[in-house]
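Side-chain atoms are counted along with the backbone in the values below, which use heavy atoms only and exclude waters and symmetry mates.
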Amino acid sequence: MQTFSPQIIPKPLKQSIEQGYFLISDETSLNFDKEFSVAGNFLKNYIESGTSFQLKSGNDIVFKKDESIKNDEGYKLEVTDKGIIIRAKTDHGAFYAVQSLRQLLPVELESKSFSEDEIAVQNITIQDEPQFAYRGMHLDVVRHMFSVDFIKKYIDALGMLKMNTFHWHLTDDQGWRIEIKKYPKLQEIAAYRKETLIGHYNTQPQKFDGKRYGGYYTQEEIKEVVTYAQARFVTVIPEIHIPGHSQAAIAAYPELGCTGKQVEVATKGGVFEAVYCPKEETFAFLEAVFDEVLELFPSEYIHIGGAKATKTRWKNCDHCQALIQKEGLKDENGLQNYFISRMENYLNSKGRQIMGWDEILEGNLAPKATIMSWRSYGGAVAAARKDHNVVLTPRSHVYFDYYQSENKHEPLATGGFLNLEKVYVFNPISEKLTNKEAKYVLGAQGNVLTEYMPSSEQVEYMVFPRILALSEVVWSSSERKNYKDFISRVENFHKRMDALDINFANHLYELEGEMVSKGNETEYILKTSTPGKVIHYTLDGSDPTIDSEIYKSGIPISQSAILKAKIFSENKALGTTFNQTINWHKAVGKKITLDVQPHHAYPGSGSNGLINGISGSNERYGDKEWLGFWGENVEITIDFGIETEINSISTRFHNGHGQWIYAPEKIEVEFDDKEVFEVAVPISKTLLAPVTFKQKVTTRFIKLRVFNAGLIPEGKRGSENPSWTFIDEIVVE
């Protein structure tokens, strides 16, 4: 008989494993009162549908109300030789107890394939409650739309992982996905675009598939999803985007824009000039739309977007300029605040609260708004200091449309790099907040923008297992978090995801590496997140086998090489082959200093990563070889230690305007604090902007000054924000 060692995700607050086990079989009985009907029936159906058992009425498994449990979502779970007791103050807390118990049971129950006569459940005592009240996941169904069945499957996963909020992104420039009966053109026109971008936004020239795409959820389908979510204690928050990201709606009703001219539903992502015009006709439209939305969604919060609203049309609109004067507003940012505040007042009058992306901080913050801080921690800090509630969604740590592996065969993604560990170490509480201010942080949310996710299978691949890490960030106490322990539980959880037919990404058996310089020696360090494995490697570009060199410690490097390595367990290869090209040059291993540090979201491998002999990805700006700087000039000093003859210096900059990244127009090169050369960076319409400076000189020091491109031009993605500078390897020959 097999018992299952507890490996619960997210990790409980307290758990104590005891000797012995309780047997669940066809003779087992279950007892719960009406107030625990959701949790009780979930457990009954889960066991009975996954086995051949029929639970009787009795006291083997019992739900008990416990008023001493202060947190409504908290619970106590006790498994002893005699039975199972679930204690909770509410049905909600009891439901989470059931989700923990579920992970103590065989995974075959998930696939309804358990065929044995009994289940041995490890004796255990668990006391548990969440760290944060808001534990959410977002899903964009505008860029690509997904079936109601998949939405339910997504919500199932949230419930299993004790997440309680589903942010349903229903409207944007590329489509309108919710039926509004008063405005049928939203279904007829706004819900469909004529074609969709093929490949990445930054690929030039852009190509399109020429195929009409779209659809919408009927009000009956939405009610079905909301009811389904409620049975899993998941609140569905709809997002109806205002005043920007509204081109689809304006395509259906051009009179809602400032020009009144016909526009088309957007066929790609971006920032568009078509935004709602703040006139009475627009407000009447939006109030009617929200009236129907409120009938469908009982959530306290309604998400009104507020992100990336360009002000071009407002600046050139006589009505908008007159309104600014009439209301005594400072500028167009003040007009955005007027717009948001007016809609907030309307929704408040209906008993609801608004939530919006951190751009609604522009101007004066709407009086009771909750901020969803996505650009960085900055919005969260600013809002909390104004006594506004905050949900953290920083793109650096919880945007699951970013690449999660440096494997070159990964499916197309937005850009950036966000691996499992980076999600896991995310802390929603900024160090800049006082204890009083930190109380305004409600929690955090993972975001899934589906521009490059045409299928539900790809959504799953991008979300899992990173959602497992996020679930532990928002549920488990920070003191209980341990990445090595978490990885062990993730490896075990793979079986459950397989049983649930979830198309998860398995990167646990991939290797990571870095160049490390110690004195005059440089070596390459390999590591794996899963212990108990053997690593074999080669340096000549050949594929490693069990006969190749065994990795024991750092590999000495003194010349260019093609390093390949692979994980083996019991002589069986696991995962993909690690492949690293090392380009040895004169600056590798030398001393390097920066006058400003890279942004915390994109630190790469630190300053040494600029001269470690390894170039960054040709497609992804966020891997560990690219260093990102936001709105800052940077001076880089390389010290060779002795006078050294050099002939050329070359580097390259990322130029992905779609991700707010702009190559500098120029750099400066200086030798030994004497000669300064200004070097133009060739204008590039491609993703990368290489630059080479050739000069034969003997020098000890090289200084490179890299000048930020400044504010992003109006009409571009991220307009009026500082641009990013991303720098790759500095090669000195």
Side-chain angles (χ1 to χ4, degrees), residues 9-14 70-74 96 127-138 158 161-165 167 235 237 300-301 303 353 355-361 365 368-400 402 416 418-447 466-486 597-603 628 630:
I9 296 177
K11 192 167 191 173
L13 179 65
K14 297 178 182 178
K70 302 303 182 185
N71 192 306
D72 285 351
E73 295 179 297
Y96 290 146
Q127 180 181 341
D128 204 8
E129 65 180 32
Q131 181 185 14
F132 291 103
Y134 187 108
R135 305 180 302 280
M137 278 298 297
H138 160 279
L158 303 193
L161 295 169
K162 303 183 178 76
M163 303 184 87
N164 60 8
T165 307
H167 174 175
T235 298
I237 296 179
E300 174 188 1
Y301 289 107
H303 202 296
Q353 301 295 327
M355 181 177 284
W357 303 110
D358 56 52
E359 283 94 334
I360 68 173
L361 287 163
L365 186 57
K368 299 177 183 178
T370 293
I371 298 300
M372 193 163 270
S373 185
W374 73 277
R375 288 181 288 187
S376 67
Y377 280 88
V381 172
R385 288 176 177 170
K386 293 181 179 180
D387 300 339
H388 282 264
N389 288 333
V390 177
V391 174
L392 271 292
T393 64
R395 56 186 171 178
S396 57
H397 286 82
V398 292
Y399 266 58
F400 293 167
Y402 280 17
L418 177 61
N419 64 8
L420 189 63
E421 184 172 9
K422 192 172 182 180
V423 179
Y424 191 79
V425 300
F426 168 50
N427 184 355
I429 305 292
S430 169
E431 294 177 353
K432 296 180 180 179
L433 294 175
T434 66
N435 289 338
K436 180 183 177 182
E437 292 165 346
K439 292 179 180 178
Y440 290 102
V441 177
L442 300 181
Q445 172 178 291
N447 288 346
R466 289 186 285 192
I467 188 176
L468 306 182
L470 180 61
S471 76
E472 201 142 301
V473 166
V474 292
W475 178 276
S476 305
S477 66
S478 56
E479 295 80 12
R480 294 280 289 163
K481 286 170 60 179
N482 179 294
Y483 188 64
K484 287 185 178 179
D485 171 66
F486 172 70
Q597 293 306 303
H599 192 275
H600 65 83
Y602 301 104
W630 194 19

Selection residues 419-430 - residue pairs positive for side chain to side chain donor-acceptor pair (under 3.5 Å), sequence neighbours left out: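 Residue pairs with at least one partner in residues 419-430: Y424-E472.
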
Just jot down the ring pair (Phe, Tyr, Trp, His ring centres under 6.0 Å) partners of H138, sequence neighbours excluded, or say none.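 Only H167, H169 meet the ring pair (Phe, Tyr, Trp, His ring centres under 6.0 Å) criterion with H138.
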
Would you give the length of the straight line joining atom [atom1] of [X] to atom [atom2] of [Y], rounded to the nearest 0.5 angstrom?
X: D72; Y: Y96; atom1: CG; atom2: OH; answer: 11.0 Å
X: L392; Y: M372; atom1: CG; atom2: CE; answer: 10.0 Å
X: L161; Y: L470; atom1: CG; atom2: CG; answer: 9.5 Å
X: K14; Y: E129; atom1: NZ; atom2: CD; answer: 9.0 Å
X: E479; Y: Q131; atom1: CD; atom2: CD; answer: 7.5 Å
X: I237; Y: Q445; atom1: CD1; atom2: CD; answer: 7.5 Å

Under a 3.5 Å distance rule, please check whether [X] uses its side chain to pair with a backbone N or O of [Y] as donor and acceptor.
X: R466; Y: L418; result: yes
X: T370; Y: V390; result: no
X: S373; Y: S376; result: yes
X: N164; Y: A133; result: yes

Got a sec, which residues hit salt bridge (Lys or Arg N to Asp or Glu O under 4.0 Å) with [X], two or more places apart in sequence or on another chain?
X: D128; result: none
X: K481; result: none
X: R375; result: D358
X: E73; result: R135

Side-chain touch [X]/[Y], heavy atoms, less than 4.5 angstrom:
X: Y483; Y: V425; answer: no
X: K11; Y: W475; answer: no
X: F132; Y: I429; answer: yes
X: W374; Y: Y399; answer: yes
X: Y134; Y: N389; answer: no
X: T165; Y: Y301; answer: no
X: R395; Y: Y402; answer: yes
X: L433; Y: Y440; answer: no

How far apart are the closest heavy atoms of M163 and G136, and which atoms are they?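 Between these two residues, the closest heavy atoms are CE-O, 3.4 Å.
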
